[in-house]
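Throughout, a chain's letter reflects where its sequence line sits, starting with A, and its residues are numbered from 1.
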Amino acid sequence: MNTTTTHSRDEAAFDPVLGVSLYREMVRIRMIEEEIAARYGEEKMRCPVHLSIGQEAVPAGISAALRKTDQVVSTHRCHAHYLAKGGDLKAMLAEMMGREAGCCAGRGGSMHLFDRDAGMLLSLPIVAASIPVGVGAAMAMKQRGEDNVAVIYLGDASVEEGVFHESANFAAVRKLPAIFVCENNLYSVYTPLRDRQPDRPISELGRAHGLHTVEVDGNDALGVYRAATELVAHARSGAGACFMLADTYRWREHCGPNFDNTLGYRTVAEFEDWKGRDPIESLILRLEGKGALDAAERQAMANEITAEITEAFAFAEAAPFPSIATAADNLYAL
Amino acid sequence: MNTTTTHSRDEAAFDPVLGVSLYREMVRIRMIEEEIAARYGEEKMRCPVHLSIGQEAVPAGISAALRKTDQVVSTHRCHAHYLAKGGDLKAMLAEMMGREAGCCAGRGGSMHLFDRDAGMLLSLPIVAASIPVGVGAAMAMKQRGEDNVAVIYLGDASVEEGVFHESANFAAVRKLPAIFVCENNLYSVYTPLRDRQPDRPISELGRAHGLHTVEVDGNDALGVYRAATELVAHARSGAGACFMLADTYRWREHCGPNFDNTLGYRTVAEFEDWKGRDPIESLILRLEGKGALDAAERQAMANEITAEITEAFAFAEAAPFPSIATAADNLYAL
Amino acid sequence: MPSERIITAAQAIREALGEALRDRPETYLMGEGVADPGGIFGTTKGLIEEFGPDRVVEMPVAENGLTGIAIGSALMGQRPIMTHQRVDFALLCLEQLFNTAAKSHYVTGGKHRVPLTVRMIIGRGWGQGPQHSQSLETLFAYIPGLKVVMPSTPYEFKGMMHAAIADDNPVMVLEHRWLHYVNGHVPEGPYLSPLDGPKVVKSGDRATVVASSYMVLEALRAATALEHVGCSIEVIDLRVLRPLDMTPILASIRKTGRLVVCDTGWKQFGIGAEIVANVVEQAFDALKLPPARVGLPDHPTPSSLPLAEVYYPDSTDIVKHIGRLCGLSPDAVDKACTEVLAVRQGVPIDKPDPAFKGPF
Amino acid sequence: MPSERIITAAQAIREALGEALRDRPETYLMGEGVADPGGIFGTTKGLIEEFGPDRVVEMPVAENGLTGIAIGSALMGQRPIMTHQRVDFALLCLEQLFNTAAKSHYVTGGKHRVPLTVRMIIGRGWGQGPQHSQSLETLFAYIPGLKVVMPSTPYEFKGMMHAAIADDNPVMVLEHRWLHYVNGHVPEGPYLSPLDGPKVVKSGDRATVVASSYMVLEALRAATALEHVGCSIEVIDLRVLRPLDMTPILASIRKTGRLVVCDTGWKQFGIGAEIVANVVEQAFDALKLPPARVGLPDHPTPSSLPLAEVYYPDSTDIVKHIGRLCGLSPDAVDKACTEVLAVRQGVPIDKPDPAFKGPF
Ligand SMILES: Cc1ncc(C[n+]2csc(CCOP(=O)(O)OP(=O)(O)O)c2C)c(N)n1
Ligand SMILES: Cc1ncc(C[n+]2csc(CCOP(=O)(O)OP(=O)(O)O)c2C)c(N)n1
Ligand SMILES: [Mg+2]
Ligand SMILES: [Mg+2]
């Protein structure tokens, strides 16, 4: 384990209403991701997919602390970030199917999800490339006197790219309203952290760059939310840029719909251990402990979400492909 | 001031013989640099020059702890590093005059100083570009089972470039025999540290990357030497990569032979304060305190060095230019 | 006589890398994924087990730094072989490649050598989108001091890999990902395919097609179909983009008088521009008609399948240019186009062409 | 009627930047040195005093990150103007420029806009050596989605700077450092020089010289000397390398039938290759003789003065090519060469040409 948790599960501060909404957000993300996995073999989604199953707590907790006008940037693994920030599900699925109704009009595929109206500024498939873009969004908002913040999602591998450091240094020196959220799922594709970084918490990097830094349990949506609330307030007030380290775990293969524990790059024991810390299951236990959400309510929610997903897939599948006459359009803005 | 000094001046451990040799090294560097400055207006040295006057203690102290087979890489401000590591003065001046006898056969100019025989691997004019090259040298020596170390000189601005972090991370994770030596002279061209980095010691970056890290007074050649000895032993033993932060000060303009305090980017008071901490004068005081080097001995040394410099300039000025027929030579190695 | 053994280009690369690691202690592999179970599309698979983590160096995601590290080790006499799973990622390390690697030999008057091999894979297919599918060989070809090669057959992949590793210069090896699946006759044991320049891979007299990488297969397919309609064209595999040796191309043009250049990158400001300009400068009088270029249209790669289908040129484009240059009848052109399309069997453009299985 | 006021290109740039900062609150400058006493060769001098550190953003040395930051702010509607004191430093940020900036408008189906201006200065002179003197416009010109411009006169520097800032695309402005010293007629107040393509800057009928940036001055100097020996050539300032509009060039070739292209970069795989290839494709029949290219020889810039003297082509090279293409007598060529050399007054190549003081 690469980090310590400073924001622990504080049952006293537990707010059941918030808990239920975080639960719903996480379940919705998981159900969408599982449906993508289930249908991937149909070859209608003809682009790589990087699923977030197991990692739902971070985006759920973060987005609950954000305004619509706050901006988010993401990576190749952007589905959950997009959905949690309020990105349009239909436009996401249409994008993955290469349709004109996709958020990128079919030009981008699954790694370019964005939704301007929702404050999801962009996702980029080059590791760490979206980090400075998020800092730039923070700078723009500061320059324009808007009191919004920018959240920059990054994986544990991103901090190996120099551009993370360049971005963090600038955000710190200019006290920009930027919040770096590092989802440490312990792997970069198949490579474990120990083969890529020295043995120290990743959060040390945030501190060394002068960022206001916290560690959280990345499988505890409420803990993420509480920490995020504090960081967002800090950044929004002009006090400076922040860094959150959230340990979590990806359940499926790096890219694609399957499980891949048989490959041997990680142990089944490790996988099972993390599955035991399922962010959704553990929240159910806590909600049930408060009598806040029973099985019937959960089922009703699931039915609602299923209907939404079914409709969105139907929409995307029926949506037309771009006309080939438009292939070269939008090379230059007029 | 950006750092704390952990290796303080410990008069008990003062070794006069070493002190005299460090003194000689520093005086030689300064006299060469001053002669370059004096002759620059003649326009025989037709390339930019970045003088090290005021910063002599770091290379003197570092090189005293190194073997000939240890490798050094440097930056645009490479004269002192080259000279201290045993680089050939004649080849350096000939290079600056664009002669075939230059260390780069006149192709490179003052920012490309190198001397393979002396273990001066290369200097590069792109900020931070030589940092990974030095780490690569360390890796090669480790791969080949040689117990040499690589010293990587960098300026305080270098740590703003992402490639520093990429290099430090890899050196740490692979426990390479690499020693990063950051000469913090407080400025990047005209820009002070506070406009470029948050308010924390630069050494925090070394620690966050898991490097064995120390701070030294960069104007105390003996202190630098003692710290370097420890770091070199650490790295050589295979215990891992190291980082040294050495605060010091450049007396003349960033590029060129003149003083530039009138420009107003730094105060005369700051300049005078640092001049008062002249690494050479302060060592003289300490040597005199031990009765180790009197004025006559210093004068004799100066005469010797003057003769060497005069001869080297004469050599370089008499050295032929490259034949234009060779302009395209050595594009590819055969 | 070609070897009887038939293997894929991915296997051929893997074999070359294994042989180099075995025979030359100063070699090592470095790259994101070199130690992965999949082993970079199979090209490094299993090598970590045989050679361990000091020779098969899995890297943090830090392309610029690790390139500089590879260069530094090369200056010390090591022979690093670096791999980027996609050439797009190499955009992060151009400063090191263009400044340090390309110029160190020249700027030291020949004293430094940089025996560095950089493998960069050109992505294609399955909705990769604009940032995972570029073909950036032109950028490298522009820089004096680099060598730039693009093998097209398994035999060449192995031989040129050995030659790149043996070379004392920084050699950029651009590998089209779909060529990895292609079969060919490949001898066992190390051998060198010299990095000496273009090669005639099919002779003919009506026109010259200069193609690189994957487009060599498209050109050969076009040539076969054109042969069937009575038009014999010469196909030249460009192989080595830098240093560029125009001799075989000029010789061919002097024979045929007609030129089509096709490469895997954007047409404008691309490889084809230099070939055409060079031919015009040196063999203007031999040209019967203006040369034509086949390349990507002037926009990023779209992810959506129908847009990708029209994005990538193929053998039909070559056939059509040849038809025009050689004055073939519309019927003959149609017939040749129909033939090449039939071979492709309607497989969508985002999947490797099953008919390109070889052996080549 | 040209403005009566004569200022240098550096002053013209500074004026454009100041006007933009004054008139458009969404603009800001960013770059290493923008707030320096010297102000990037005078082009940003004093602006920090007028606009303060939030609009004139001195940056840490972190080209890649700061480029991404500029892009992010542009996506949010700001209009960053970024400056690299040497284009060589921009090698560190090509990933952001080529992937994020160039592709965001296309990949979002037109929803994102990147109104980013990047100024990159081409170094030359005083023994800069191989890594501080490159002319890398070709790299940018290759990338669909970027605009690439190279102004050559003070009037154009100011007008094109305004146009670049007003443009909703990422515009790369490549500034030859020695053009900063050149004088010209420049109106006060903002005006736009459209980024629309090449321009005939001197008309003539014997041959067409297409030149970019600093080479426009060399071409004009050659044209004057050739005029004196009775040979009238047309000089076209390329101005906009991307998107490339060949119309004025093709029109000129149809008139003259002869072409020399000269740019500031390496000849091989350079800008000239595309111009020549394009002309050959579209106006083959109009060409009386094979076009010629003038560019840098195939090696890095040497620092040593005598090597630099033979490295950089100048107006004599243009005169010689024209002499050959137009069949001028050796005497006429000699006379024209002698004239251009006399104007240069024997000043060494590592100092700005005193005779290029203008006004242009
Ligand atoms: C610059 C660059 N190098 C390599 C890759 C290939 N790649 C894609 S995702 C990935 C791993 C990223 O790991 P991490 O940041 O931890 O995110 P995770 O996939 O674990 O969510 C890599 C190496 C890339 N996309 N970009
Ligand atoms: C990549 C890059 N960006 C900018 C420059 C211009 N430049 C040359 S030296 C320098 C300052 C370096 O400061 P520092 O590292 O502190 O070294 P110092 O000059 O103080 O010794 C800069 C910005 C450069 N050479 N390379
Ligand atoms: Mg990860
Ligand atoms: Mg400094």
Let me know if Ser110(A) has heavy atoms under 4.5 Å from chain C in its side chain, its backbone, both or neither. neither
Gln128(C) to Met111(A) - nearest heavy-atom pair and separation: O-CE, 4.3 Å
Honestly, the part of Glu95(A) sitting under 4.5 Å from a heavy atom of chain C is neither
Among Asp260(A), Val127(A), Thr191(A), Val159(A), the residue with the most heavy-atom pairs under 4.5 Å to chain C is Thr191(A)
Less than 4.0 Å between a side-chain N and a carboxylate O, is that true for Arg196(A) and Glu32(C)? no
Pairwise side-chain contact, Arg107(A) with His299(C), heavy-atom cut-off 4.5 Å (strictly under): no
Whatever's closer than 4.5 Å to a heavy atom in chain A on Leu91(C) counts as neither
Can you name the residues of residues 50-60 of chain C that have some heavy atom under 4.5 Å away from a heavy atom in chain A? Glu58(C), Pro60(C)
Provide the closest heavy-atom pair for Pro48(A) versus Trp126(C) in the form atom of the first, atom of the second, distance. CD-O, 3.4 Å
Of all heavy-atom pairs between Phe321(A) and Ser304(C), which one has the smallest distance, and what is that distance? CD2-OG, 3.9 Å
Does any heavy atom of chain C fall under 4.5 Å from the side chain of Ile126(A), the backbone, both, or neither of them? both
Per-residue tally against chain A (heavy atom, under 4.5 Å) across Pro130(C), Pro348(C), Pro300(C), Gly65(C) peaks at Pro130(C)
Just wondering, do Lys351(C) and Glu43(A) contact through their side chains at under 4.5 Å, heavy atoms? yes
Closest approach of Val61(C) to Glu160(A) (non-hydrogen atoms, all atoms of both residues): N-OE1, 2.7 Å
Reported CG-to-CZ distance for the pair Asp350(C) and Arg46(A), which is rounded to 0.5 angstrom: 4.0 Å
Which bit of Asp36(C) comes within less than 4.5 Å of chain A, counting heavy atoms only: side chain, backbone, both or neither? both
Residue Met45(A) versus chain C: region with a heavy atom under 4.5 Å: backbone
Residue pair Leu307(C) / Ile324(A): nearest heavy atoms and the distance that separates them: CD2-CA, 4.0 Å
Under 4.5 Å to a heavy atom of chain A? For Pro297(C) that would be neither
